[in-house]
Amino acid sequence: MEKTIIQRLELKFRDAFRCLGIADSFPVVLVPSSKNIFGDYQVNGAMAAAKNLGRNPREVAAEVVSFVSHDAAIAKLEIAGPGFINITLADTFISSALRLDNILRVPRERKLTVVVDYSSPNLAKEMHVGHLRSTIIGDVLVRLHEFLGNKVIRRNHVGDWGTQFGMLLAYFMELQQTGQEISWELKNLEEFYRKAKIRFDQDEAFATTARKFVTKLQAKDSTMMQLWRQFVQISLSHCQEVYERLQIKLEPNDAVGESFYNNSLPGVVMELTQRGIAVDDGGTKCIFFTPEELEAHVTTPFIIQKQDGGYLYATTDLAAVYDRIHNLNADLLLYVIDSRQSLHIRQLFATVRRAGWVKGSTAMVHVAFGTMLGNDNKPFKTRSGDTIKLTSLIDAAVAKAKKIVHQRHPDWSSERSDALAEILGIAAIKYADLSKNRIGDYVFNLDQMLAFEGNTAPYLLYAYVRIQSLFSKHGLAMQSHGTQEITLDSTVERALALHLLRFADMLLQTAKENFPHYICNYLYELAVMFMHFYETCPIMHGDAAIRDSRLGLAALVAQVLATGFSLLGIVITDSM
Ligand code: ARG
């Protein structure tokens with residue numbers, strides 16, 4: 001299959017539409033049918049075309065159908081309702097296309113360079129729940145684009161520069177001078193930060209030192225720089241531990257933080273002011289916009305330099321975007337950032353457009369997401385109102401998973417239970433997040449995400465384990481199945497097979513809209529369909545041909561599930 005099913009059908013219909021003489025002004029609009037009585041796919045474009053031609057839509061649909069040239073993939077075309085065209089695929093096409101390499105192959109027009117900005121915590125603080133969504137949504141987009149064969153550059157735009165470092169450095173010096181145990185303090189970063197903050201707030205002399213240190217740091221004072229570097233290293237290694245535990249594809253080299261752009265900041269401000277894009281407003285340099293430019297009812301300016309000459313978050317992001325477009329040659333820039341920063345991103349993109357930095361084909365997208373909420377529907381916090389550390393959240397999910405594993409398998413050794421609990425707990429957190437439309441907020445609920453029923457990680461992993469154990473119980477190797485012709489005797493088998501063939505189209509749609517929940521929904525449907533198949537079509541059938549065909553289908557489902565899990569960054573297990 002050098003094209004996906006949708007691509008192939010769309011092309012066919014585009015040709016047919018062209019015969020009406022309107023092909024290029026009216027899209028075919030081909031989508032999977034909502035119900036199987038409407039066939040497998042549905043073309044909706046004939047209605048708009050008819051309206052434009054001032055003709056009867058059913059007549060236009062009939063004409064389009066008459067223009068569709070023969071295709072072995074199509075068994076039947078029907079006109080329905082006001083002018084829909086329903087397409088039913090040929091069973092022979094479905095069964096002959098059903099091979100793993102075919103299912104997993106995603107045709108691509110050209111290789112893109114995709115820069116994904118994600119995770120990006122502010123350093124010198126421990127990662128907290130607020131960092132989870134960007135980290136795991138970004139990770140899926142990275143995995144997806146790699147799977148699609150694109151060149152992916154990961155950018156962990158960490159906040160590794162700024163006033164908070166003065167405070168930390170001052171506290172560090174103080175401890176060192178009083179001969180206190182420093183390595184221990186640093187291992188507990190949060191604690192260190194908290195204590196430094198208390199000193200800063202309570203002791204004026206300390207605060208003055210801290211401010212002085214910021215200035216020294218900005219002037220690249222060597223002692224300060226050396227200490228700062230240590231701090232960044234320690235913070236990053238903490239992040240790295242979290243990434244590894246969560247199986248996030250971020251490596252230390254991907255942490256190209258704010259400080260990386262320090263030397264480019266004066267140039268950015270100079271270019272924008274010289275070209276009149278940024279203006280002086282009472283000493284600050286800012287960019288003013290129209291509401292149209294920001295696609296919002298606001299015109300808030302983008303401040304790129306403070307009165308005292310200091311640079312800001314905005315300046316750094318401008319330098320970063322320039323680097324990504326011009327040095328990394330990005331075709332697509334994804335910013336996986338909380339929707340509360342949407343104004344900042346609009347200002348950033350508007351400035352880039354105005355400066356003409358975008359090349360013809362470069363696309364910039366804010367992959368925005370909502371907030372994770374606690375049971376009280378408020379942003380997730382501890383009872384005392386503190387932010388929850390990411391590691392505590394993971395520990396809580398794993399502990400809960402451990403209880404569940406213990407209930408199901410009281411006889412398992414604790415190593416075995418622990419290993420599964422770690423997989424399940426983390427899979428549950430990730431899946432619960434990824435399976436929701438990222439735009440909205442959602443309530444973090446451990447019971448729900450660890451349930452074995454419904455659209456959850458345990459349910460999906462369990463479907464996979466079922467297939468695995470079916471093979472292992474009968475001493476069969478999964479890899480040797482699914483290569484022979486599969487016969488589709490029942491509607492259940494046919495529906496399952498067709499769903500498998502939709503994998504590539506689903507991935508392309510996910511990449512187009514940056515919605516990981518499309519992958520989750522697909523996998524959930526696949527698992528539900530498989531369970532239905534498993535219950536209605538005995539796999540270990542007496543007839544060897546039927547048995548082989550069904551084993552083949554089951555093997556394909558397991559392998560597509562496994563591929564889906566790997567795209568979601570979810571680790572699979574063989575027993576649970
Ligand atoms: N460090 C920022 C924060 O914690 C997020 C950075 C997102 N990336 C960016 N290019 N602005 O809010």
Side-chain angles (χ1 to χ4, degrees), residues 114-139 141-142 152-165 168 189-190 193 228 231-232 235-236 238-240 242-243 248 250 254-262 264-265 268 287 294 300 302-304 311-328 330 332-353 355 357-358 362-372 379-381 387-390 438 514:
V114 186
V115 176
V116 188
D117 183 314
Y118 69 118
S119 194
S120 312
N122 289 332
L123 296 190
K125 268 198 150 187
E126 212 166 319
M127 287 182 79
H128 59 81
V129 293
H131 299 120
L132 184 72
R133 300 206 74 187
S134 173
T135 305
I136 64 187
I137 294 169
D139 189 56
L141 299 177
V142 164
V152 180
I153 300 173
R154 301 177 291 250
R155 279 291 180 262
N156 191 1
H157 192 86
V158 293
D160 60 355
W161 198 253
T163 45
Q164 75 274 27
F165 283 95
L168 290 163
L189 264 185
E190 196 67 37
Y193 188 92
W228 166 78
F231 242 106
V232 167
S235 297
L236 279 178
H238 151 74
C239 295
Q240 200 56 36
V242 175
Y243 297 147
I248 299 299
L250 275 170
D254 302 323
V256 180
E258 296 183 8
S259 66
F260 177 81
Y261 305 98
N262 277 349
S264 332
L265 306 179
V268 166
I287 299 148
L294 293 186
T300 321
F302 207 30
I303 304 174
I304 59 170
Y311 301 106
L312 302 97
Y313 186 47
T315 332
T316 306
D317 255 329
L318 282 166
V321 91
Y322 188 91
D323 180 59
R324 291 168 193 182
I325 297 175
H326 295 273
N327 302 327
L328 303 178
L332 176 61
L333 289 120
L334 300 179
Y335 285 85
V336 190
I337 309 178
D338 194 307
S339 49
R340 285 171 290 192
Q341 290 194 31
S342 114
L343 179 61
H344 168 79
I345 294 292
R346 281 163 203 251
Q347 293 171 321
L348 176 68
F349 291 177
T351 306
V352 170
R353 277 192 295 267
W357 286 351
V358 237
T362 319
M364 302 178 289
V365 185
H366 180 195
V367 182
F369 53 83
T371 308
M372 197 165 106
F380 211 33
K381 292 252 156 75
T387 47
I388 296 172
K389 294 179 190 177
L390 200 42
R438 62 175 162 77
N514 303 296

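Both counts, for ligands and for their atoms, begin at 1 and track the order of listing.
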Quiz item: If you round to the nearest 0.5 Å, how far is CZ of Arg133 from CD1 of Ile137?
Solution: 4.5 Å
Provide, line by line, the atom pairs where ligand 1 and the protein bring an N/O atom each to a distance under 3.5 Å; else say none.
| residue | atom | partner | partner atom | Å |
| --- | --- | --- | --- | --- |
| ligand 1 | 1 (N) | Ser120 | O | 2.9 |
| ligand 1 | 1 (N) | Asn122 | OD1 | 2.8 |
| ligand 1 | 4 (O) | Asn122 | ND2 | 3.4 |
| ligand 1 | 8 (N) | Asp117 | OD1 | 3.1 |
| ligand 1 | 10 (N) | Asp117 | OD2 | 2.7 |
| ligand 1 | 10 (N) | Asp317 | OD1 | 2.8 |
| ligand 1 | 11 (N) | Tyr313 | OH | 2.8 |
| ligand 1 | 11 (N) | Asp317 | OD2 | 2.8 |
| ligand 1 | 12 (O) | Gln341 | NE2 | 2.9 |

Quiz item: At what distance, to the nearest 0.5 angstrom, does CZ of Arg324 lie from CG of Asp117?
Solution: 4.5 Å
Quiz item: Which pairs count as salt bridge (charged side-chain N to carboxylate O under 4.0 Å, His left out) when at least one residue sits in residues 120-132, sequence neighbours excluded?
Solution: Glu126-Lys389
Exercise. Identify, with sequence neighbours excluded, every residue that meets side-chain contact (heavy atoms from CB on, under 4.5 Å) alongside Ala330.
Key: Val115, Leu333
Quiz item: Taking the six-membered ring for Trp, are Phe349 and Tyr335 ring centroids under 6.0 Å apart?
Solution: yes
Exercise. Only pairs at least two apart or in different chains count here, so list each salt bridge (charged side-chain N to carboxylate O under 4.0 Å, His left out) that has a residue in residues 336-350.
Key: Asp338-Arg340
